[in-house]
Amino acid sequence: AGAALSLAIVVQGTLVRGSLEPEPSDDHMPIASIGTTALLVNKIDKVLNRELQVLTRMSQQINVGAALDKELTFQMGKITANETYAGGLPWIFSPVLDVPFSPTWARVWETFGESPQIIGDLGAEYINGVQSFGKVAACMKHFIGYGDSRTGKDRSTTIAGMRRVKQYFVPPFETAVKKGKVASGM
């Protein structure tokens, strides 16, 4: 007789909602508690796996970049915005506009590829799709130069001169602002 748990998580721009009855016991450790609601670590995967069945599953940006399909990218943004807003969220932390330089970087799969032009063009299409819904804001991310991880690790040092920054890292963000009229940035 545990308290009902409502769960809303954004996974790659898509809202995941679910509910379950927690069953506390000696081997379940609550990680957060507000009143009678307890979030149990071992229950999260079950909720996500069950609830992901009812949402539109989108391909990762790296696959969308390989397809080079602007209309598909626009529709992906529009559908994601619709489903996110249905869950009560007016803001999507996407698209990723980083230019990856090392194939060992942990976040390559989140990008549209390695071409600043393709990243910018597809990023703008995604943004236009999200914002065409009219009630959801897109957020271009991460930071200019973030994809140039020297170690291949996430959140690593980037060392780049102004020429490299202007030639590779600025163009996708500039395109997102000019063609996509993106509402926010990270």
Side-chain angles (χ1 to χ4, degrees), residues 8-16 31-32 39 41 44-45 48-49 52 55-70 72-81 83-84 89-131 136-186:
I9 299 175
V10 176
V11 180
Q12 281 295 306
T14 302
L15 180 73
V16 178
I31 58 169
L39 183 61
V41 175
I44 293 174
D45 284 337
L48 291 177
N49 289 334
L52 280 172
L55 296 174
T56 306
R57 292 182 185 205
M58 301 293 178
S59 193
Q60 295 296 337
Q61 279 187 204
I62 195 73
N63 299 331
V64 175
L68 295 173
D69 189 330
K70 291 182 180 180
L72 176 69
T73 308
F74 178 90
Q75 291 301 322
M76 185 173 127
K78 190 172 183 175
I79 291 166
T80 302
E83 291 183 4
T84 301
L89 297 175
W91 198 12
I92 295 175
F93 292 101
S94 192
V96 172
L97 301 178
D98 300 316
V99 178
F101 271 87
S102 171
T104 62
W105 184 45
R107 301 185 88 158
V108 169
W109 58 274
E110 292 181 54
T111 72
F112 285 116
E114 60 188 6
S115 163
Q117 182 175 348
I118 290 171
I119 294 168
D121 290 345
L122 294 178
E125 287 297 325
Y126 181 85
I127 290 162
N128 286 327
V130 167
Q131 296 180 169
V136 178
C139 178
M140 62 183 180
K141 63 180 193 174
H142 289 94
F143 304 98
I144 292 174
Y146 185 63
D148 192 11
S149 169
R150 296 298 165 122
T151 65
K153 295 179 181 177
D154 191 17
R155 297 183 196 101
S156 186
T157 302
T158 296
I159 302 170
M162 285 308 295
R163 180 172 178 231
R164 186 176 176 100
V165 169
K166 288 178 182 179
Q167 184 175 1
Y168 294 104
F169 302 125
V170 171
F173 289 86
E174 187 174 41
T175 302
V177 171
K178 290 181 178 176
K179 290 184 179 178
K181 297 179 180 35
V182 67
S184 64
M186 180 184 294

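The structure displayed is predicted, hence computed values, not measured ones.
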Exercise. Between Ser59 and Asn63, is there a donor-acceptor pair closer than 3.5 Å when you use the side chain of the first and the backbone of the second?
Worked result: no

For this session: Nearest 0.5 Å please: distance from the CD atom of Gln117 over to the CG atom of Leu122.
Result: 10.0 Å

Exercise. Are Asp98 and Lys141 within salt-bridge range, i.e. N to O under 4.0 Å?
Worked result: no

Exercise. With distance as the sole test, does Asn128 use its side chain to make a donor-acceptor pair with the main-chain N or O of Lys179 at under 3.5 Å?
Worked result: yes

Exercise. Do you know the tightest heavy-atom contact between Val108 and Pro100?
Worked result: CG2-CB, 3.9 Å

Seminar exercise, completed: d(Phe74 CZ, Ile79 CD1) to nearest 0.5 Å is 10.5 Å

Exercise. Does a side-chain heavy-atom distance below 4.5 Å link Ile62 with Glu110?
Worked result: no

Problem set entry | Atom OH of Tyr168: over 12 foreign heavy atoms under 6.0 Å | no

Exercise. Are the side chains of Phe112 and Thr73 in touch, meaning some heavy atoms are under 4.5 Å apart?
Worked result: yes

Problem set entry | Pairwise side-chain contact, Thr157 with Thr151, heavy-atom cut-off 4.5 Å (strictly under) | no

For this session: Report yes if the side chains of Ile127 and Pro95 come closer than 4.5 Å at any heavy-atom pair, otherwise no.
Result: yes

Seminar exercise, completed: When rounded to the nearest 0.5 Å, the distance separating CE of Met76 from OG1 of Thr56 is 11.5 Å

Exercise. Taking all non-hydrogen atoms of both residues, which atom of Ser149 and which atom of Trp105 are closest, and how far apart?
Worked result: CB-CD1, 3.3 Å

Exercise. Any sub-3.5 Å donor-acceptor pair from Gln131's side-chain atoms to Lys181's backbone N or O?
Worked result: yes

Exercise. Is a side-chain donor or acceptor of Glu114 paired with a backbone partner of Val99 at a separation under 3.5 angstrom?
Worked result: no

For this session: Could you tell me the separation between the CD1 atom of Ile119 and the CZ atom of Phe173, rounded to the nearest 0.5 Å?
Result: 9.0 Å

Exercise. With a 4.5 Å heavy-atom cut-off, do Val165 and Ile144 have their side chains touching?
Worked result: yes

Problem set entry | Closest approach of Ala137 to Ala183 (non-hydrogen atoms, all atoms of both residues) | CB-CB, 3.6 Å

For this session: Please state whether the rings of Phe143 and Tyr146 are parallel, tilted or perpendicular, taking 30° and 60° as the class boundaries.
Result: perpendicular

Exercise. Does a side-chain heavy-atom distance below 4.5 Å link Val177 with Met140?
Worked result: yes

For this session: Please answer whether the main-chain N or O of Ser156 pairs with a side-chain N or O of Arg150 as donor and acceptor at a distance below 3.5 Å.
Result: no

Seminar exercise, completed: Rounding to 0.5 Å, atoms CD (Gln75) and CG (Asp69) come to a distance of 10.0 Å

For this session: With rounding to the nearest 0.5 Å, note down the distance linking OG in Ser94 to CE in Met186.
Result: 9.5 Å

For this session: Answer yes or no: is there a side-chain heavy-atom contact under 4.5 Å between Trp109 and Gln61?
Result: no

For this session: Would you mind reporting whether Pro172 and Pro116 have side-chain heavy atoms less than 4.5 Å apart?
Result: yes

For this session: Search all heavy atoms of Ala176 against all heavy atoms of Leu97 and return the closest pair with its distance.
Result: CB-CD1, 3.5 Å

Exercise. Does Thr158 reach the main-chain N or O of Gly145 with its side chain, forming a donor-acceptor pair under 3.5 Å?
Worked result: yes

Exercise. Does atom CD of Gln167 have more than 12 heavy-atom neighbours, drawn from other residues, nucleotides or ligands, at distances under 6.0 Å?
Worked result: yes

